[in-house]
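Read the structure below first, then the notes.
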Amino acid sequence: MTGPEKDTNTRRALQALEHGDPSVRLRAALAVGTAPDPRFVDTLVERCAIEPEFSVREMLTWALIRHPPALTVPKLTDQLRSERAQARSQALHTLSKIGDRRAWPAMTRALLTDPDDEVARSAWRAAVVLVPPADEPELAEVLATQLGRGPRDTRLSLSRALVALGAVLTPTLRVALTDPDPQVRAHAIATERLARDPDAGVGFSIEEAKRVVALGAIGERG
């Protein structure tokens with residue numbers, strides 16, 4: 001392919017990423033990922049921040065993963081400071097897929113406690129992938145501050161992130177099991193059960209854990 005022809009195809013692909021038809025955008029993201037080019041990275045990252053269709057966002061993430069982390073990770077970590085929640089959430093999601101620990105320093109406490117549930121959930125998933133072993137206990141402590149937060153899906157995401165940390169979770173969870181807030185205790189109980197039986201996620205029930213708290217089972221634990 002000649003230089004001018006390649007440039008024309010690049011311009012067409014970039015324009016297609018902004019097309020009004022989501023099926024066109026999906027095909028464009030697939031094409032960009034199939035033939036990675038550094039010139040695509042900025043547009044892919046920018047499009048992730050505003051793309052309304054889930055399937056297209058997933059293809060944009062795949063396309064970014066196909067590019068060298070040295071190019072994508074700095075651009076994505078810049079997005080973590082965006083005022084747009086979707087920009088933060090999608091950048092975190094993509095970083096978790098890339099798995100490059102050079103992104104770890106950008107995983108701030110502010111992101112892990114972000115008031116937007118989708119951003120926080122993405123941060124939890126990314127953090128457990130990126131965290132160096134030496135920082136796992138501190139991460140567990142920060143994540144534990146979010147116990148009792150949000151609806152079922154949010155709580156399940158947090159529990160799964162905590163369980164993914166393995167044995168370092170035990171001391172933190174032990175403290176949470178005696179927290180004065182019954183919501184925190186119930187979430188800690190559910191997380192403890194999930195750690196014992198990872199397949200229990202399908203039947204994950206905060207309501208059941210709340211009943212355990214109400215019946216005083218925590219006190220029986222000694």
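Side chains included, hydrogens not; waters and symmetry mates left out as well; all remaining heavy atoms used. It should be emphasised that the depicted structure is a prediction, and the values quoted were computed from it without experimental measurement.
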Trace of the side-chain contact (heavy atoms from CB on, under 4.5 Å) decision for Trp124 with Val119 = CA-CA 9 Å; Trp124 302 336; Val119 175; over 6 Å; no
Point-to-point distance, once rounded to the nearest 0.5 Å, from OG1 of Thr43 to CG of Leu14 = 4.5 Å
Interatomic distance, Met107 atom CE to Leu139 atom CG [nearest 0.5 angstrom] = 8.0 Å
Hey, what do you get for CG (Leu71) to CZ (Arg39), rounding to the nearest 0.5 Å?
-> 13.0 Å
CD of Glu53 to CG of Asp21, rounded to nearest 0.5 Å, is 9.5 Å
In terms of hydrophobic clusters joined by side-chain contacts under 4.5 Å, are Leu44 and Val24 together?
-> no
State, to 0.1 Å, how close Gln86 and Cys48 come at their nearest heavy-atom pair, and which atoms those are.
-> NE2-O, 2.9 Å
Quick check: are there more than 12 heavy atoms from other residues, nucleotides or ligands sitting under 6.0 Å from CZ of Arg101?
-> yes
Which pair of heavy atoms, one from Asp116 and one from Ala85, lies closest together, and at what distance?
-> OD2-CB, 3.7 Å
Just wondering, do Arg47 and Val56 contact through their side chains at under 4.5 Å, heavy atoms?
-> no
Cluster check Val32, Leu30: I/L/V/M/F/W/Y, side chain < 4.5 angstrom = yes
Between Val175 and Thr178, the two heavy atoms sitting closest are O-OG1, 2.9 Å
Which atom names give the shortest non-hydrogen contact between Gln79 and Val45, and what distance separates them?
-> CG-CG1, 3.4 Å
Where is the tightest heavy-atom contact between Pro133 and Pro137, given as atom of each residue plus distance?
-> O-CD, 3.9 Å
Show the numbers, then the answer: is there a side-chain contact (heavy atoms from CB on, under 4.5 Å) between Asp114 and Arg88?
-> CA-CA 10 Å; Asp114 197 286; Arg88 302 195 302 277; 3.1 Å; yes
Starting at CG of Leu92, measure out to CD of Glu118 and round the result to the nearest 0.5 Å.
-> 11.5 Å
Using the side-chain hydrogen bond (donor to acceptor under 3.5 Å, both in side chains) rule, pick out the option among Thr113, Thr154, Asp117 that qualifies with Arg149.
-> Asp117
So, do Gln15 and His19 sit near enough that their side-chain heavy atoms are less than 4.5 Å apart?
-> no
Using modelled atom types only, decide if a donor and an acceptor are shared between the side chain of Arg125 and the backbone of His93 within a distance under 3.5 Å.
-> no
So how far is it from Leu64 CG to Phe40 CZ, rounded to the nearest 0.5 Å?
-> 11.5 Å
